[in-house]
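Report on one structure; see the data block that follows.
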Amino acid sequence: MTTTDTLVAPSAQPPAGQTRERNLLQEVLDSSWLVIILAIVTALVASSVLIAAANTEVQESAAYLFARPSDFFGAAWDAIYSAYSALFRGAVFDYQAEGVRQIRPITETMVASVPLIFTGLGLAVGFRSGLFNIGAQGQVLMGAAAATYVGITFDLPVVVHVVLACLAAMVVGALWAGIAGLLKARTGANEVIVTIMLNSIALYLVSYLLTTTLLAQGGTRPISPKVADTAWFPRMLGDSFRLHWGFVVALLAAVGVWWLMERSVLGFQFRAVGANQRAARTAGIRVNLVFVAVMLTAGALAGMGGAAQILGTDKTLQAGSAGSIGFDAITVALLGRSKPLGTVLAALLFGALRAGSPLMQTSAATPIDIVLVIQASIVLLIAAPPLVRALSPIHWIGRRLGRSTKEAVA
Amino acid sequence: MSALTSTPPATPQVQTAGAVQARIAWRTPVIYGVVSLISLVVFALMTPGDDTTRFMVSSRGDFTEIAPFAVPSQLTALLLSVVAVALAAWATWMTAQRVKVPAWLPMVFGGVVLLAFLVWVMAGNSNAMPVTVLLTSALVLAVPLVFGAMAGLLCERSGIINIAIEGQLLGGAFLAVVVGSQTGNPYLGLVAAPLAGALVGWVLVTFAVKYRIDQIIVGVVLNVLVIGITNYLFSTVLTQNPQALNNPPRLPTLPIPVLSSIPVIGPVLFNHSIVIYLMYVAVAVLQVMVFRSRWGLRMRSVGEHPKAADTVGINVNRTRVRNTVLGGAVAGLGGAALVAAGLAFTKELTSGKGYIALAAMILGRWSPKGALAASLLFGFADALRQVLNNLGSPVPSQFLAMLPYLATIFAVAGLVGRVRAPAAEGIPYVK
């Protein structure tokens, strides 16, 4: 009982009897595919307002909106259409390119999704076990640092080097996350706060290591040397595509997580703790051990995400190497309803947004930052199915026809 | 470990034979002992004997000028460390005697060790440590944190976890810059900033109360949303017309007559823009209101036991909505404080300050004065990092930057006394 006394916020474990309206996890798990699709569409529509508002031609035509409304709507349509079509061309299929380069965008989407799949899977394991691990960002960065260290320090044969670098990344990521798990188990320290703090500490630690001989290349710039090419993930489709075998490994990891969560004893314990901690404890599950095990698993997967980023695409480490993978992965796991298949699909969607946004910026002059708005809106909407139903025309028509939409599940 | 944290504080009682007494909590004296020994070994004994440490205290316009002075590093550090060891020994003795350690002891102990650290870190440095500059920038850097921590406190005391402080600060800073630049009046920017913060707070509490979504997730996602929107508007609208939209005037400095010319204290505390005086007022008012007013009692009851509050006729969800919106507005003010020096807006200007404010609130145990102290500590660590970056130091600046985060982890793990959140925090209330 003393452990719950020192808890900072019992958000992840509400008392018994409140499980029905427990939180968005339940909501997300219950919401149907229709709500998800509607949320994505609504988020795109909402973001298009921003796209149009920031467009200079739209602003100019808005000055005489009432005189010639067609100009305004035409300009707005052009702005939105060019932005989203560039996004599509950058992420899925480039119909303006020649020959084999037409399919390059979809492979770029797959490349961008690899770290998101790994990290999102790790977070999904945590969410289903009732642990809010906000610290994927730090775990990704520490994993990336470990992979880089192995990649630049040792001289090993081709396959061994990659495997060793990935193992190092997994171990370091797991240990980094394990700090939060251990503190939660031993002292009841809230994992949300601890992992947020560990994110910042990881960032400063890695930027310090980049100034030392351990990772730095000797110049004044805080950037590591290039990892040896024996440690790279091998390319899948030759040198004209960046797609690497890490994508397949990520899919295998998704299968592995599915097996862990659905078929193994450990995964059953994870889910039992996530569903009801007290019941799990009563049933003889050692909840504190589960906390540590969950965080180790999540950290290992996040570390693998960091390794994929370095060994698959970046090849060198900087303090900003993790980008926003850790935070994007939270939205990925939530969007994927914390299930392996859903996580993979969500990672592909967000990978597409990441892969397509540079072209959107160059050809339609829409800044990359709109992607953040789209992602955040999607997750907010997914989390609140009643809001989506209130906004969606399909449900509106349903109500007109006298069909009451169910409150609990769409 | 957990058994120790829950031990009630030992009280001096008449001992009766066979009376069951609470276990003595040895954790605090042990921490004092370890820290004082580190101070003795690292700061005192590892300092070269003939080094000196120079301090610069005075600034122009004081009543009395104090010339910069130098002290022998090793001797000073040694003296300070001996004092620290003595205090640690005294704390141990008092703990063994089951006497309550006085409240000033941690502060004096911390101050002594900090001075020893400063003497050590500046030993042999040809530059003098600018004490006044250090303290002033510590205060200025702490202001956004204080407002952020007050925002977190207002929300969490009424049962809503506010992770979105970061977004509220950022939104406030953005609106303050845009309105200030457009109107050319920094005070209008200061008035506008709370609106942005309040809007973010309103979205947070709407999702939390109406849709009962996990508040931590809403907070994190709202941060991403605000970062996305401000980044987007920055790279489109603001960069198209930086002169009119991203060129805010600075808030004028308003020295308080007489008080501002006291040496050291004057320039540090009483020579600032209006935001900092607002912060003094906000902390004082909240400290009284939260613990001494009807409004504060209702807020705390809603955060601790909403069902009981509801039973006596307090509208739980309305209280939560109002306080969260108010909290968002306070955080927005913190965003304005962030750009009060006339800073132009940049992408992700807040760079994690909202999370540090959250940490300050926890470290300050959900009380305004505690949050103020913690924010000042974090501000000081930040200021020290900047000063030492310029002067050169044996400690890499990244480690100094880590300190606030490490301190928070220690605090949350219960190593620096117990911290306990409002009981109903993060749990939606349904009748």
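Since the model is a prediction, treat every value here as computed from it, not as a measurement. Note on naming: letters A, B, ... go to the chains in the order of the sequence lines (proteins, then strands), and numbering restarts at 1 for each one.
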When the 4.5 angstrom heavy-atom criterion is applied to I163(B) and chain A, the contacting part is side chain
| query | For the rings on Y208(A) and F399(B), is their centre-to-centre separation under 6.0 Å? | reply | yes
Cut-off 4.5 Å, heavy atoms of chain A, and the answer for K210(B) is neither
When the 4.5 angstrom heavy-atom criterion is applied to V224(B) and chain A, the contacting part is both
Applying a strict 4.5 Å limit to non-hydrogen atoms, the region of Y355(B) in contact with chain A is both
Per-residue tally against chain A (heavy atom, under 4.5 Å) across P396(B), G228(B), G352(B) peaks at G228(B)
So, the part of Q240(B) with a heavy atom under 4.5 Å from chain A: the answer is side chain
Cut-off 4.5 Å, heavy atoms of chain B, and the answer for I51(A) is both
Given N199(A), I330(A), L205(A), T331(A), the one with more heavy-atom pairs under 4.5 angstrom with chain B than any other is L205(A)
Answer yes or no: is there a side-chain heavy-atom contact under 4.5 Å between Y405(B) and I196(A)? no
If one checks every heavy atom of I370(A) against chain B at 4.5 Å, the contacting part turns out to be both
Bottom line for I179(A): the part with an atom under 4.5 Å from chain B's heavy atoms is neither
Cut-off 4.5 Å, heavy atoms of chain B, and the answer for S47(A) is neither
Okay, L203(A) and chain B: the region with an atom under 4.5 Å from a heavy atom over there is neither
Heaviest contributor of heavy-atom pairs below 4.5 Å to chain A, chosen from L406(B), V203(B), N231(B), L358(B), is N231(B)
